[in-house]
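Report on the structure given below.
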Number of protein chains: 2
Amino acid sequence: MTTTDKASTKDRLLDAAAELFYRDGVSIGVEALCRTAGVSKRSMYQLFASKDEVLAASLERRAPGYAAQLTPGPDEVRTPRERILYVFEKAEKMSVEPDYQGCPFLAALVELKNPEHPASLVARDAKERLQGAFRAEAELGGARDPELLARQLMLVFDGASARAGARIEKLDGLTMATATTLLDAAGVA
Amino acid sequence: MTTTDKASTKDRLLDAAAELFYRDGVSIGVEALCRTAGVSKRSMYQLFASKDEVLAASLERRAPGYAAQLTPGPDEVRTPRERILYVFEKAEKMSVEPDYQGCPFLAALVELKNPEHPASLVARDAKERLQGAFRAEAELGGARDPELLARQLMLVFDGASARAGARIEKLDGLTMATATTLLDAAGVA
DNA sequence: CCGTCGGTATACCGATCGGTTTCCATGTCG
DNA sequence: CGACATGGAAACCGATCGGTATACCGACGG
């Protein structure tokens with residue numbers, strides 16, 4: 001089927017893009033990208049207007065899985081406090097993998113200094129969604145200022161992501177401890 | 001004086017390097033770098049073995065001034081708690097400048113995915129020094145676990161740096177509030 | 001006065017950049 | 001069978017990459 005073939009090519013391209021952009025940075029060339037994806041440059045430029053669009057699409061594709069990886073299932077964890085801490089627990093577990101480079105969306109935002117880059121918009125959106133999830137849990141948990149708590153948790157999350165990704169720090173429970181302190185101070189039981 | 005002339009060329013090069021690497025990222029080319037510095041490529045490669053060394057040297061040069069910018073003078077601020085909060089206050093003030101891109105050392109570490117890159121070593125060193133300063137103040141302030149508090153403050157500092165630099169967030173007192181909460185929890189009066 | 005030294009300018013190296021285009025093999029459909 | 005769309009391989013575009021080499025300049029020291 002034509003549709004299936006097209007999608008497969010696109011999928012291979014976006015998968016390779018997600019991996020290479022994450023591992024080697026956004027400066028990776030189109031040549032190398034297409035080579036590892038097994039896709040001709042012609043097909044790439046037929047599917048996307050530019051390398052920037054490929055990057056944006058690869059981030060967009062990655063977003064739902066990333067969120068699912070960090071978020072507990074519906075009946076997996078009970079209280080809002082536990083659901084928030086679950087995110088940090090997962091993040092810490094991810095950070096010990098040998099090729100961990102921090103949150104891919106934050107990395108893209110830092111590397112692309114331009115905040116208007118199409119991929120920057122996608123990345124900021126992903127960040128906003130996580131913050132929204134924190135905020136929703138904070139409200140459920142009766143936080144004094146849910147928005148403030150959500151922003152504080154994002155600070156911790158992204159700080160930990162950058163520092164662990166850059167191999168500045170090993171987070172043995174550091175984010176869990178910090179998030180716990182912030183939850184306590186916000187009155188989330 | 002020969003020494004003065006040499007230093008001047010080197011200074012021009014490192015100043016331009018610091019600015020361009022920060023503004024445009026580490027991918028900025030040697031050609032553009034030398035052009036804006038008013039230094040020939042030949043001179044550059046006479047002073048440094050490679051572009052990577054130029055980047056490392058420019059970060060090293062920038063470090064003391066950066067630290068001085070964040071740290072209060074000896075009699076400017078009295079208590080350890082105030083001295084710690086002073087850092088975040090300064091950081092928030094810096095973050096509102098139009099061309100702010102976050103902490104240059106953290107940005108370099110994220111962009112250079114390789115933690116063994118000469119510039120990565122310099123950047124990590126700068127980060128370690130700030131953490132050491134936090135730790136020293138935490139001890140003076142009677143923190144229950146000075147090292148833990150210092151690491152938590154670095155999480156907040158770098159998270160805020162990355163997020164404000166990427167234009168995800170405006171920190172109106174967010175880091176001050178978060179640091180205050182952490183100080184309170186650590187027992188630093 | 002002459003050599004050397006620090007410096008610039010410039011051209012060059014092979015490689016790669018993002019992106020376009022040409023050619024051709026493989027269809028699939030009428 | 002013939003017409004046409006698809007897409008892969010690869011050449012090609014001008015520009016730039018990091019790095020080197022050649023040639024020339026002015027100042028300073030013997």
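These numbers come from the heavy atoms of this one structure, side chains and all, not from hydrogens, waters or symmetry mates. Reminder, nothing fancy here: chain letters follow the sequence lines and each chain counts from 1.
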_Output the rounded distance in Å from CG (B:Leu13) to C1' (C:dT8)._
14 Å

_Short side-chain to backbone donor-acceptor contact, B:Thr181 and A:Leu182, under 3.5 Å_ = no

*OP1 or OP2 of D:dG7 sitting under 4.0 Å from any side-chain N/O of A:Gln46?*
yes

*Of A:Arg151, A:Gln131, A:Lys127, A:Arg124, which meets side chain to side chain donor-acceptor pair (under 3.5 Å) against B:Glu169?*
A:Arg151

*Figure out the CD/P separation between A:Glu31 and D:dA9, and round it to whole Å.*
12 Å

*Using modelled atom types only, decide if a donor and an acceptor are shared between the side chain of A:Glu92 and the backbone of A:Thr175 within a distance under 3.5 Å.*
yes

_From D:dG7, C:dG19, C:dT8, nucleotide with atom closest to B:Val39 side chain_ = C:dT8

*asked:* What is the distance, to the nearest angstrom, from the NZ atom on A:Lys10 to the P atom on D:dG7?
replied: 12 Å

*Does B:Ser43 make a side-chain N or O approach to OP1 or OP2 of C:dT8 shorter than 4.0 Å?*
yes

*Map A:Lys51 and B:Gly38 onto DNA chain C by nearest heavy atom, then report which one ends up closer to the 5' terminus.*
B:Gly38

*From CA spacing to verdict: side chain to side chain contact (heavy atoms under 4.5 Å, CB included), A:Phe157, A:Leu106*: CA-CA 10 Å; A:Phe157 184 90; A:Leu106 184 65; over 6 Å; no

_Nucleotide D:dG18, atom P - distance to CG of B:Leu20 in whole Å_ = 12 Å

*Rounded to whole angstrom units, what separation is found between the CE atom of B:Met44 and the P atom of D:dC17?*
12 Å

*Checking all strands, does A:Leu33 fall into the base, sugar-phosphate, or nothing category for heavy-atom contacts under 4.0 angstrom?*
nothing

*For the pair made of CD1 in A:Ile28 and C1' in C:dG19, what is the distance, rounded to whole Å?*
16 Å

*Report yes if a side-chain nitrogen or oxygen of B:Thr9 is closer than 4.0 Å to either non-bridging phosphate oxygen (OP1 or OP2) of C:dG7; otherwise report no.*
yes

*Using the closest heavy atom to pick a nucleotide of DNA chain D for each, name whichever of B:Arg42 or B:Ala49 lands nearer the 5' end.*
B:Ala49

*Rounded to the nearest Å, what distance is computed from the OH atom of residue A:Tyr45 to the P atom of nucleotide C:dC17?*
11 Å

*Round to the nearest Å and state the distance from B:Lys41 atom NZ to D:dT20 atom P.*
10 Å

*Would B:Arg62 count as a cation-pi partner of B:Phe21, with NZ or CZ less than 6.0 Å from the six-membered ring centre and within 45° of the ring normal?*
no

*asked:* By nearest atom, which of the nucleotides C:dG18, D:dA9, D:dG19 is closest to the A:Ser40 side chain?
replied: D:dA9

